[in-house]
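All heavy atoms count here, side chains included; hydrogens, waters and symmetry mates do not. Both ligands and their constituent atoms are indexed starting at 1 by order of listing.
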Amino acid sequence: MRQIEIFDTTLRDGEQSAGVNLHGEEKLEIALQLERLGVDVMEAGFPASSPGDFQAVQRIGNVIRHSTVAALARSNQKDIDAVRDALRGAENPRIHLFLATSPIHMVHKLRMTPEQVIETAVASVKYASAWCSNIEWSAEDATRSDWAFLVEVVEAVIDAGATVVNIPDTVGYTTPQEYGDLLRYLRNRVPNMHRAKLSAHCHDDLGLAVANTLAAIEAGVDQVECTVNGIGERAGNASLEEIAVALEIRSDVLRASTRLDLRQTVATSRLVSHLTGLVVPPNKAVVGANAFAHESGIHQDGVLKHASTYEIIRPELVGLDSNVMVLGKHSGRHAFREKCLALGYQLEDAELNELFRCFKALTEHQKEITDADLHTLVVERSIVR
Ligand code: KIV
Ligand code: ZN
């Protein structure tokens with residue numbers, strides 16, 4: 001099984017979510033949890049962006065020993081020097097350089113010709129290679145770039161010393177088929193591609209970030225970039241937990257695995273949600289509050305007979321104790337009897353029928369029936385004396 005490296009960018013791209021501002025202590029807490037989760041690389045921040053971010057990257061670099069610690073820099077000497085200084089104490093430092101390659105960005109944002117972009121990218125990689133041997137280079141807005149131009153620039157940065165080449169879908173524009181084709185095209189056309197790792201980085205503007213990332217894995221990338229809970233600029237980045245669990249559950253078709261300790265998944269999600277203030281939607285795959293909740297009678301009956309009927313992920317895999325049976329208007333007698341037993345009520349069939357009738361009546365007015373509601377029903381009906 002091929003191993004995919006997980007590059008987590010919760011602390012850099014994730015922190016670029018609107019309304020999020022993590023202070024140094026919080027970033028360190030998340031970094032330690034990411035290390036527990038087992039990410040291969042964590043992008044700690046963008047040192048040139050603010051003194052606070054510089055210090056946070058420095059603290060993380062000084063403490064984290066197992067994961068590679070990366071930090072972002074634009075293609076200029078000031079940014080590169082800031083990464084060098086911030087990561088001086090890091091065990092495994094990586095500099096992450098980027099420059100846009102799409103006509104839209106080159107004309108309207110950079111105001112540079114394609115030749116100037118290649119020149120600048122090469123110069124930045126050479127400048128960083130004076131102190132760093134682990135250099136990632138990203139072609140910002142790669143998926144709206146000319147493919148032949150990408151071949152040229154990627155070949156040039158690898159010759160200059162880049163060891164990882166990242167192909168971001170910066171604005172979440174591509175589709176799985178197209179992204180896979182682009183990555184295969186680069187693998188086949190860039191003559192020195194074998195000297196660098198190939199990486200995918202997807203945004204979720206069209207809701208395709210995870211699907212695109214999985215297509216990239218099928219196309220043979222070595223590394224995928226993602227964030228916890230999929231947080232990030234605009235609609236966010238590809239969600240780490242969805243990619244990792246998809247690889248675990250569908251290794252039969254994806255034929256790749258990660259080094260993550262998936263039992264840390266829910267703890268990591270909760271910590272990031274708590275510290276960023278970004279609430280995880282209840283129906284979010286893998287880590288949403290409803291991801292392992294069963295409400296309808298048919299599903300509850302199936303799961304109680306054999307979990308695999310309606311659960312493709314075991315809750316224990318991601319660090320939960322168990323699934324949840326929610327008692328609501330669709331719930332059936334089987335789950336209801338189990339809940340009564342769990343609450344300590346051993347009921348005769350007639351008593352159970354009577355209580356079940358009252359419970360159903362209550363669901364006409366209430367969406368969910370809690371344990372406290374059930375206790376009250378039992379006492380009110382004087383079923384247990
Ligand atoms: O989305 C993007 O292009 C980025 C780069 C800085 C890698 O986040
Ligand atoms: Zn990004």
Side-chain angles (χ1 to χ4, degrees), residues 5-18 20 39 41-50 53 57 68-76 79-80 82-83 94-106 108-110 112 117 120-121 124-125 128 134-145 149-150 153-154 157 162-174 179 182-183 186 196-210 212-213 216 221-240 242-243 276 278:
E5 296 199 357
I6 296 290
F7 176 115
D8 176 275
T9 181
T10 306
L11 297 171
R12 199 278 299 169
D13 227 356
E15 208 211 358
Q16 289 176 213
S17 304
V20 172
V39 302
V41 186
M42 65 176 79
E43 187 166 42
F46 183 4
S49 67
S50 72
D53 220 42
V57 172
T68 292
V69 178
L72 188 71
R74 286 165 294 192
S75 303
N76 65 61
D79 277 27
I80 296 170
V83 171
R94 174 183 293 183
I95 184 162
H96 181 189
L97 295 161
F98 72 99
L99 191 58
T101 51
S102 67
I104 298 174
H105 279 236
M106 290 190 290
H108 299 293
K109 185 183 81 173
L110 299 176
M112 284 168 115
V117 164
T120 309
S124 67
V125 172
N134 190 344
I135 302 176
E136 172 164 339
W137 186 82
S138 283
E140 192 190 14
D141 205 18
T143 53
R144 293 192 298 168
S145 303
F149 177 60
L150 278 178
V153 67
V154 168
V157 295
T163 50
V164 182
V165 170
N166 185 36
I167 304 298
D169 183 27
T170 303
V171 290
Y173 177 73
T174 197
Y179 197 46
L182 170 58
L183 294 161
L186 292 174
K197 289 180 183 165
L198 189 57
S199 168
H201 176 116
C202 296
H203 281 265
D204 209 28
D205 299 66
L206 294 175
L208 293 172
V210 171
N212 289 338
T213 305
V221 295
D222 308 284
Q223 169 183 284
V224 294
E225 306 197 354
C226 45
T227 60
V228 174
N229 299 335
I231 65 170
E233 192 94 33
R234 305 180 311 280
N237 289 54
S239 141
L240 177 149
E242 292 180 23
I243 297 166
T276 58
L278 294 175

Quick one: do the H96 and E43 side chains pair a donor with an acceptor below 3.5 Å?
yes
When you compare the side chains of D13 and H201, does any donor N or O come within less than 3.5 Å of an acceptor on the partner?
yes
Protein heavy-atom partner closest to atom 4 (C) of ligand 1 - residue, atom, separation in Å:
H201 NE2, 3.6 Å
Can you pull out the closest protein heavy atom to atom 3 (O) of ligand 1? Residue, atom name and distance to 0.1 Å, please.
T170 OG1, 2.6 Å
Which single N/O/S atom of D13 lies at minimum distance from the Zn ion (ligand 2)?
OD2
Atom name in H201, limited to N/O/S, at shortest distance from the Zn ion (ligand 2):
NE2
Heavy atom to atom 8 (O) of ligand 1, shortest distance: which of H203, H105, R12 holds it?
R12
Looking at R74, H96, E140, the heavy atom closest to atom 7 (C) of ligand 1 belongs to H96
Answer yes or no: is there a side-chain heavy-atom contact under 4.5 Å between F149 and V117?
yes
Is there side-chain contact between L208 and T174, with heavy atoms separated by less than 4.5 Å?
no
Show me which atoms of ligand 1 lie under 4.0 Å from any heavy atom of S138.
7 (C)
Under 4.0 Å from any heavy atom of D13, which atoms of ligand 1 are there?
8 (O)
Tell me whether E140 is salt-bridged to K109, with the criterion being a basic N under 4.0 Å from an acidic carboxylate O.
yes
For the atom pair OG1 (T227) and CD (Q16), what is the distance rounded to the nearest 0.5 Å?
11.0 Å
